[in-house]
Structures are given as C-alpha cells and as structure tokens.
2 protein chains.
Amino acid sequence: MSQQSATRQELPALEATLSDQLTAFKKSTLKLDLTRGKPGAAQLDLSNALDGLLGGDYHAGAVDLRNYGGLDGITEAKALFAPLLGVSPEEILIGGNASLTLMYQSVLSALHFGVQGAGSAWRDECTVKFLCPAPGYDRHFTICQQLGIEMINVPFTADGPDMDRIEELVASDASIKGIWCVPRFSNPTGHVYSDATVQRFARLAPKAGPNFRIFWDNAYAVHALTDDAPKLLPILDACREQGTEDSVLIFGSTSKITFASAGLGYMGASQQNLKHFKAALAASTIGPDKINQQRHVLFLRDQATIEQHMHQHAEILAPKFRLVLEQLDKDLGDDGYGSWSRPQGGYFVSFDTLPGLATQVVAMADDAGVKLTAAGATFPYGKDPADSNIRLAPSYPTMDELQQAMQVFTTCVKLATVRQRLAAKELVSSELI
Amino acid sequence: MSQQSATRQELPALEATLSDQLTAFKKSTLKLDLTRGKPGAAQLDLSNALDGLLGGDYHAGAVDLRNYGGLDGITEAKALFAPLLGVSPEEILIGGNASLTLMYQSVLSALHFGVQGAGSAWRDECTVKFLCPAPGYDRHFTICQQLGIEMINVPFTADGPDMDRIEELVASDASIKGIWCVPRFSNPTGHVYSDATVQRFARLAPKAGPNFRIFWDNAYAVHALTDDAPKLLPILDACREQGTEDSVLIFGSTSKITFASAGLGYMGASQQNLKHFKAALAASTIGPDKINQQRHVLFLRDQATIEQHMHQHAEILAPKFRLVLEQLDKDLGDDGYGSWSRPQGGYFVSFDTLPGLATQVVAMADDAGVKLTAAGATFPYGKDPADSNIRLAPSYPTMDELQQAMQVFTTCVKLATVRQRLAAKELVSSELI
C-alpha cells in the first residue's frame with residue numbers, strides 16, 4: 001500500500017501491517033551490522049599473499065628493512081603510491097597502518113608547532129575553527145572535537161561541498177584554519193568533487209592566509225564500483241598552477257586496498273609542508289614498519305596491478321551496492337519515504353529519512369537486531385540538525401545478511417514514517433476538537 | 001707511556017705520538033658508526049622466520065586479524081607480553097611498532113586531557129616539569145623539549161637515580177608531573193635499579209598528587225648479557241602494595257627482541273590509567289597491526305622461548321661488549337683518562353672523559369671517520385654540564401669495525417687528555433713568567 005496515497009482511515013492498518021512485520025523480524029533474532037565501512041572477508045582474501053611474500057629477503061636496495069630509520073618511508077613505496085595521490089615521489093610520506101593517524105598528527109602538529117614553523121602554532125590563538133562539509137566522516141569530526149577545534153557545518157551541492165559558502169566563510173573569518181574533504185566518493189554521500197570544485201579549492205583565499213590547510217582525505221582514490229565513475233582532478237597540480245601548493249595536505253591509505261588493519265597510510269604535500277610535518281613527527285617515532293611497506297611494494301607492484309586488484313574488489317562490492325539500491329527502490333520507491341545516494345564508488349549509501357526520523361529508525365532497527373551507524377554520527381558533534389541522515393555500509397555483511405538487514409531497514413523507515421504521519425494527524429485531530 | 005706519570009717535559013712527545021696515530025687513522029678513510037643502539041644484522045637474522053609464519057591463517061580465535069578494530073591489541077599478545085612488564089593481561093595495551101610512540105602519546109594525552117580525565121590536563125598549569133635522571137635516553141628528553149616540558153637533571157647513585165634528591169624535589173614542587181626512568185640496564189649507564197630504589201619509587205609522595213606519573217621505560221627488560229645479571233623488581237606490584245598503582249606507566253617493546261622497525265610496542269598500567277589512555281588514543285587510530293601481533297605470538301610463543309631467543313642475542317652481543325671493555329682497559333687502563341660502565345645488559349657503554357673533553361673527543365673521532373653519539377645528547381637540552389659523557393653503542397658494527405672504531409676512540413680520548421694537560425701547563429708556565 002502506498003503511504004503517500006493512503007487516506008487517514010487507511011493509515012492505522014498500514015501501521016499495523018508494518019508493525020507485525022517488524023515483530024516477525026525481532027522473533028528471528030537477527031544479529032547484523034551495517035555500521036562501519038569494513039571490507040568483507042572475500043575482499044581481504046584478495047591480499048592474503050602479503051604475508052610471506054618477501055621470501056626471506058628483508059632488503060630493499062641497500063636498506064635493511066628490519067632496522068630503525070627512514071622517517072618518511074622507503075623509496076619504492078613512495079614511487080608506487082605517489083600517483084594515487086597525484087603527487088611526485090618527493091611529495092609523499094609513507095607511514096604506518098593508518099592515514100587517520102597521519103591526519104591526527106597533522107592537525108596536532110599544526111596546533112602545537114604551526115604549519116609554517118615557529119610562531120604559526122594555531123593554539124596561540126583563542127579559537128580555531130574547521131569547516132566540515134556534512135554529512136561527512138565521523139572520525140574527522142572526532143579529531144576536531146578531541147582537540148578542541150570548533151566545527152562549522154557546510155552543505156553539499158551536486159558538485160561537492162557548497163563552494164560559495166566555503167569561499168565566503170574562509171574569506172571572512174581568520175580563525176577558520178582548515179576544512180575536511182573526502183573528494184572522491186565522499187563518505188557517506190558518494191560525491192565526486194567536480195573539476196570546477198577542485199579548482200575553486202585551489203583558488204581559495206582564506207583570511208587565515210598561509211596558516212590555512214585543506215585536509216584532503218582521498219580515502220577512496222581508486223575505489224570505483226564502475227569503470228565509468230567520475231575521475232578527480234589532482235589537487236596539488238591545480239594548486240601549483242595557482243601558487244597555493246602549501247594550502248593542501250592529501251591523505252590516503254591501502255586500508256581498503258589490502259588489509260584494513262595492516263595496510264599503509266600515506267600523506268602527500270608540498271616539500272615545504274612535508275619538511276614541517278617531519279620535524280614534528282620525528283619526536284614520536286623510530287620510523288614506520290618498512291617491512292610491511294616492502295610487502296606492499298612487491299604485492300601491488302605498479303599502477304596496472306593496483307587497477308586490476310581494485311577491479312576484483314569492485315566485483316565483490318558492486319553486487320552488494322546493487323542489492324541495497326534494489327531493495328530501497330523496491331520497498332520505498334518514490335513513495336515519499338526519503339531519499340538516498342547512488343554512489344559509483346566508495347563504501348557507503350547515504351540515506352535521508354523525512355526530517356526527525358533518523359534516531360527513531362536506528363533505534364527500531366537495533367531493536368530488531370540490525371546495527372546501523374548512530375543517527376547524527378555523520379555530522380559534527382554527532383548532531384544532525386534535521387535528524388534524517390543514516391549511513392548504510394554494505395561492504396562487511398554477506399549478501400544474505402545484507403538482504404535481511406535491508407528488509408529490516410526499509411520496514412523501520414516505513415513504520416517510522418507512517419507513525420509520524422499518524423501522530424501529526426492525531427495532533428491535527430485533537431486541535432480540531 | 002703513562003700520561004699520569006709523564007713529566008712536563010715528556011708530554012709533547014706523547015702528544016706527537018698520539019697525533020701521528022690519529023693522522024694514520026684519518027688516512028685509512030674509515031667510515032664507522034657507534035651512534036645508535038641498532039641491532040646488528042646477525043641479531044635481526046634471528047627473527048627472519050617472522051614473515052610468512054602465519055601460513056595463510058589470518059585469524060586468532062574468532063578475530064579476523066586483517067580487519068579494523070581492537071584498540072588495545074589481541075588477547076594472545078597481551079598474555080605473552082604482560083609478564084615481561086610485570087603486569088597482568090588486563091593491564092597491558094599492545095600497540096604499533098614503537099614504544100616511543102606510546103610514550104609520546106601518553107605525555108601528550110596527559111598534557112591535553114589529563115591522566116585522570118576532565119580537569120586534570122597538565123597544560124592548564126603554567127609550567128610542567130619532568131625529572132630526568134641523567135645521563136639518560138635522548139629521545140625521552142626530545143619528547144619533553146618538543147612539548148614544552150621543563151627538564152630537571154637528577155644524578156645517579158650505584159642503586160639507580162638519586163632517590164633522596166627525587167623524593168625531595170617531587171615533594172616540594174607541584175609542577176613536577178613526571179620522571180623518565182630506564183630501570184634495567186639504563187640507557188646509557190647500564191644501571192639496574194635496586195629493589196630498594198623500586199620500592200622508594202612506589203612510595204613516592206609527590207606534591208602533584210594523583211597527577212604525577214613515573215614513565216618507566218623498561219626497554220631492556222630481557223636484554224641481559226650474562227645469566228647472573230641483576231633482576232628488576234616489578235614496579236606495579238610494588239606500587240599495588242603501597243596503593244599507588246596509578247602512579248606508574250610502564251613501556252616496553254620487541255624492537256630489540258625481533259625487528260627494530262617492525263616489532264611491537266606495549267604499555268603496562270593500572271586499568272584506570274589504561275582506560276584514560278585508550279579514550280584519548282581512540283581518536284587517532286583504527287587499531288594496531290594485529291597481523292604483526294599474531295606473527296609475534298606465533299614466533300615468540302612463551303616465556304621459555306623468549307628467554308632462549310634472548311640468549312641467542314646475548315651470544316652475539318656479549319663478545320662486542322667484551323671487545324669494547326678490553327680495548328678500554330688495554331688502552332686507557334687506570335691511567336686517569338676517564339671512567340666507564342661495565343654493563344651486564346642493555347645496549348650501551350657509558351664513558352666519562354675528564355671534565356670538558358667530550359665535545360672535543362667526539363669531533364676528533366668524527367674527523368677520523370668514526371661517528372659517536374653527539375656529546376651532550378645523553379642530557380636534557382643536549383647539554384652535559386661537565387661535557388664528559390659519551391655513549392658508546394657496540395651492537396651495530398661488526399667485530400672488525402668495532403675494534404677499529406675503539407682504537408680510534410681511545411686514541412682520541414688520550415690525545416684530548418694530553419692536550420688538555422699541555423694547555424693547562426702552558427697556562428701555568430705563562431703565569432709564572
């Protein structure tokens with residue numbers, strides 16, 4: 001029954017049917033998890049050759065990979081991963097197992113020591129603010145929150161974040177020192193920033209001047225689901241053309257190429273930026289795990305091998321995304337239950353309920369054994385002003401689990417929507433009395 | 001010729017002989033390095049089985065080691081390494097490839113967020129000071145310097161750092177928030193803290209109260225050179241007896257057990273301390289490399305295997321230490337050229353020249369192709385008040401290289417000493433005129 005065309009008299013019956021369906025799900029004691037963008041086991045299997053690949057040779061050229069040293073990673077890994085970030089091998093640092101750690105260290109280093117050396121430390125100013133295109137990645141927002149950085153929401157347009165708003169804000173407020181971006185297959189909306197958007201980022205004229213940085217988290221650089229997915233303009237090149245190459249710090253990792261726990265995180269930046277970052281980093285590390293870097297060099301080899309490898313990931317992931325979208329289309333269609341993204345890559349489907357229903361839907365699903373990312377998590381401070389965004393992560397469950405989880409999800413969305421209409425009608429009725 | 005018994009007339013001839021010897025070394029264009037405590041290749045070879053050890057099984061119990069998660073490490077690694085720190089498996093966190101990173105994060109977390117949660121952040125106070133038993137580990141001091149923590153030198157006694165001084169200082173100054181300790185085979189002096197010293201640490205009554213922490217870097221916990229090397233009292237047990245178990249953070253790693261670049265760093269602490277630390281840590285990591293943790297679990301297996309493995313290290317290291325000490329005894333004897341440690345474990349021999357000569361000796365050796373740790377590096381701010389301490393690191397060079405390097409070193413010590421005497425005599429002579 002269409003909820004949009006359902007009359008006031010028909011709504012209670014619809015509510016009852018949906019309620020019964022949910023009760024049935026509860027009885028089947030599901031335990032499903034759609035919360036995090038974790039690779040599934042079949043994806044992880046693609047990289048099982050990593051351990052043992054060295055064949056007893058722990059050297060890369062003259063470097064003994066087992067010993068201390070090499071703050072910014074091995075030469076071979078720099079050459080391999082620089083093209084993924086659109087930078088040169090002199091403009092990349094290869095770190096440990098997480099780009100998140102590099103991002104955290106970059107923000108921290110800017111706070112404590114400044115992005116330009118002595119005298120530029122952000123903490124010397126009363127307030128430090130970041131722009132946060134939202135919905136976005138919760139862990140970016142957690143870094144800001146933990147380090148006491150004030151966050152300002154920025155909405156999206158079809159081309160990426162709202163550049164008019166960003167240009168206006170950064171030009172008017174010197175305390176705005178940074179912005180978080182996931183420029184390709186944005187988490188969770190799936191946006192790929194258009195060429196015009198990237199060029200506007202390169203031309204930004206922040207009031208904070210040389211103390212402003214774009215945190216460009218290109219986490220899904222090679223994570224397309226289809227061959228015709230839009231490409232991303234390399235931002236460092238765009239910046240160089242404008243003479244703004246120091247304004248951006250680029251991040252990426254193999255967490256969703258090889259192993260989530262044991263991949264490589266890397267950071268691309270101008271040599272000037274890397275110099276400052278390395279000076280700060282040196283106090284906290286004896287250098288990265290060079291052995292794991294060499295494993296990755298031997299396993300991923302070259303750009304063609306990476307492309308082929310990512311094709312195999314897409315073959316596993318694409319059917320899961322298809323299932324999610326088909327279930328949403330079939331169950332919710334265009335019957336006014338909300339809207340959702342149709343990503344061509346990345347790890348998420350972004351779903352917007354009618355305003356005010358996300359928290360309720362997530363709680364209902366949890367009650368029926370399906371864990372969803374907490375409502376609000378995709379916004380700074382965990383507060384979604386419209387209480388409508390829910391991030392769906394299809395990668396980890398099996399196809400069967402995913403199908404069950406999506407059935408529960410759509411049932412919850414429908415039930416919450418119908419109940420909201422019923423409550424509104426009661427309100428109207430009682431007001432009429 | 002003995003320099004002590006040499007007359008004023010004989011000194012110039014002695015200087016000329018030593019000077020000629022040094023010139024001969026310079027001509028042989030040596031390129032030797034005694035700077036860092038890096039394991040030698042033969043030591044690293046002992047752990048070559050690590051890569052490939054998983055045999056394709058990426059699971060530990062029900063945990064998929066390849067995926068995200070597990071902030072404080074895998075259960076199996078906790079069980080294996082807890083005894084090395086003298087803590088229970090509930091009191092350990094297994095991290096990435098460096099205990100240095102855990103130490104840095106601990107200090108940083110205490111500065112920003114406090115050791116006891118909200119309101120206890122060190123940075124809320126004007127000045128934060130650390131006690132630094134010196135000579136000590138340069139990287140400890142670098143952490144303090146980078147984070148703006150003021151350092152106070154504390155001398156050593158035979159039992160470890162001067163506890164009278166430490167007790168007096170911490171009791172009188174609330175801005176003293178921490179102390180760095182390397183309690184077994186101290187870097188570089190080789191001290192093993194006596195039981196009485198450990199117990200006095202456990203009984204410390206700092207004016208900073210519950211905001212004070214002992215940073216107990218047990219880097220050489222199982223790194224004895226001889227079977228009869230003194231043992232260290234487990235400090236967390238000693239603290240528990242005094243009700244001060246929250247006053248200490250313990251660190252260790254396998255950097256000098258397996259691979260320097262690709263080992264495991266770990267941290268032992270009360271559950272209360274671990275809780276606070278993990279809350280701060282969570283924002284900066286997606287969890288440690290669990291695969292490498294499992295490699296270590298399979299390779300090091302149990303306490304007996306670790307002991308056996310460390311025996312093999314000792315068999316490689318002991319001859320190198322013997323060579324260094326024999327060369328020092330033979331060349332310098334008790335002829336007033338300085339004094340040196342006779343460590344029963346660890347990675348260093350600590351040498352003290354006559355006051356005011358360390359910088360000169362290091363420069364002379366460098367000029368002759370032998371790199372030594374910079375004079376002063378073993379003291380806070382790189383300033384040795386007596387300019388006399390030089391840290392010798394025998395582990396990395398081969399026996400041949402080590403012998404050559406030691407010959408150069410003792411020649412430099414002798415030449416600098418004789419030149420100092422000559423300069424003093426000239427001064428006396430010219431005053432007499």
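In what follows, chains are A, B, ... by sequence order, proteins preceding strands, each numbered from 1.
Looking at A:Ser284, its side chain never comes within 3.5 Å of a backbone N or O of B:Thr101 through a donor-acceptor pair.
When heavy atoms are compared at a cutoff of 4.5 Å, B:Ala279 approaches chain A solely by way of its backbone atoms N, CA, C and O. The part of B:Arg295 that comes within reach of chain A is its side chain, from C-beta onward, which places non-hydrogen atoms under 4.5 angstrom from that chain. Heavy atoms closer than 4.5 Å to chain A are found in both the backbone and the side chain of B:Asp45. Heavy atoms closer than 4.5 Å to chain A are found in the backbone of B:Ala282, but not in its side chain.
The salt bridge (Lys or Arg N to Asp or Glu O under 4.0 Å) check on A:Glu150 picks up nothing, with sequence neighbours excluded.
More than 12 heavy atoms of other residues, nucleotides or ligands sit less than 6.0 Å from atom CZ of B:Phe113. More than 12 heavy atoms of other residues, nucleotides or ligands shown are found within 6.0 angstrom of CZ on B:Phe215. Heavy atoms of other residues, nucleotides or ligands lying less than 6.0 angstrom from NZ of B:Lys383 number 12 at most.
Here the CZ atom belonging to A:Arg123 is positioned 9.0 Å from the CZ atom belonging to B:Arg123, to the nearest 0.5 angstrom. To the nearest 0.5 angstrom, B:Asp289 atom CG is 6.0 Å from A:Asn97 atom CG. Taken from CD1 in B:Ile74 to OG in A:Ser261, the straight-line distance is 10.0 Å, to the nearest 0.5 Å.
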Report the C-alpha distance between A:Ile291 and B:Phe259 in whole Å, list the side-chain angles of each, state the deciding distance to 0.1 Å, and finish with yes or no for side-chain contact (heavy atoms from CB on, under 4.5 Å).
CA-CA 9 Å; A:Ile291 297 177; B:Phe259 292 149; 3.2 Å; yes
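Interface summary for chain A: among B:Gln145, B:Gln43, B:Lys38, the most heavy-atom pairs under 4.5 angstrom belong to B:Lys38. Listed options B:Thr142, B:Leu108, B:Asn292, B:Thr258 were ranked by heavy-atom pairs under 4.5 angstrom with chain A; first place goes to B:Leu108. Per-residue counts of heavy-atom pairs under 4.5 Å with chain B were compared for A:Gly52, A:Ser255, A:Ala260, A:Pro288; the largest is that of A:Ala260.
Closest approach of A:Ala280 to B:Gln146, counting heavy atoms only: O-NE2, 2.7 Å. Minimum interatomic distance between A:Tyr58 and B:Ser47 (heavy atoms only, all atoms of both residues): OH-O, 4.4 Å. Across B:Asp51 and A:Leu50, no two heavy atoms sit closer than the pair OD1-O, 4.3 Å.
Heavy-atom proximity under 4.5 angstrom to chain B picks out A:Asp64, A:Leu65, A:Arg66, A:Asn67, A:Tyr68 from residues 62-72 of chain A.
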